[in-house]
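Only one structure is covered here, and it is reproduced in the block below.
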Amino acid sequence: MTHQPAPQAALDDDRAQPVTLRHVLFFGAHPDDETVMLGGTLAMLKQHHVHTHVVCATDGRGGEHGGLPEASTPEALARVRQDELRCAADALGLDSLTLLGYEDPVVGPGETLYGFDADDETLVRQVLDRIRAVGAEVVLSHGSDGEYGHPAHVQVHRAVRQAVERHAPHVVFYGVSALVPGIEDRLWNRDDPAHLLLDITPWIERKHAAMLCHRTQHPLFLRRRKLTSVRQAIRTVESFHRFWPPLAPGEIPDDPFVRVLLAAGAVRGPA
Ligand SMILES: [Zn+2]
């Protein structure tokens, strides 16, 4: 009996997954989202020779100034927070950082949060342009609940989802801060069960260095959980839910991102 060669069709199918992962892009709403939600993973990817790219939609002027005198006006805060993001990008070893510079609306009374003023189609186009510019095989972004319901996070999630589903279906899209049962975290997206979770302890020093960069946010990092040091505020579990390509019921995701995560010690979630 002769051995049949593998069918050629897969090689010609432009939706076939690349075997190795070369470029991962995170699309976030604010300076610090990249570090808080996936700083350890970005550092891990770098160590595994995967190029890492971050896009930040807003300038962060609507957030807290952390008592820094040099960030006391919205314009100054925007400059300081974008510098903090550049500092974090260096700490995490990012290969590229793109600041779209949308004006971040100021937090309203009672900590009311807002989306930013962007034309939906323009935002989708910007996501797509960046995916193509860096050659991203995997895109990461906010989860479907915007983590704690932040409208700007939801806005970015939807734009990334539309860009991938409509215009770049060969790209794999995962949401961050996916729900991990048994671990309490206000950032979990309750509607996005974790397909994979990574203990980022081996890369914690890089994540810590990136968190130290986001100086204006330190009081916020500490206040919500009544902590006394930035190090205590580091989330050591980072988790991911696959949105695209869609999974059949009971299907376990297998793609280049999964393979790198598993090689780095990640485990599959109960999802
Ligand atoms: Zn954010």
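Just so you know, ligand 1 is whichever comes first in the structure, and atom 1 is the first atom listed for that ligand.
- The salt bridge (Lys or Arg N to Asp or Glu O under 4.0 Å) search around R190 returns none, not counting sequence neighbours.
- Under the salt bridge (Lys or Arg N to Asp or Glu O under 4.0 Å) criterion, D59 pairs with R61, not counting sequence neighbours.
- Taking 2.8 Å as the limit, the number of protein N, O or S atoms around the Zn ion (ligand 1) is 4.
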For this session: In sequence, state the C-alpha distance, the side-chain angles, and the governing distance for R235 and E147, and then conclude on salt bridge (charged side-chain N to carboxylate O under 4.0 Å, His left out).
Result: CA-CA 14 Å; R235 289 173 165 84; E147 290 73 58; over 6 Å; no

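- Checked against the 6.0 Å centroid threshold, F221 and H214 do not count as a close aromatic pair.
- Between R22 and E137, at least one side-chain nitrogen of the basic residue sits less than 4.0 Å from a carboxylate oxygen of the acidic one, meeting the salt-bridge criterion.
- Residues forming a salt bridge (Lys or Arg N to Asp or Glu O under 4.0 Å) with E238 (at least two apart in sequence, or on another chain): K207.
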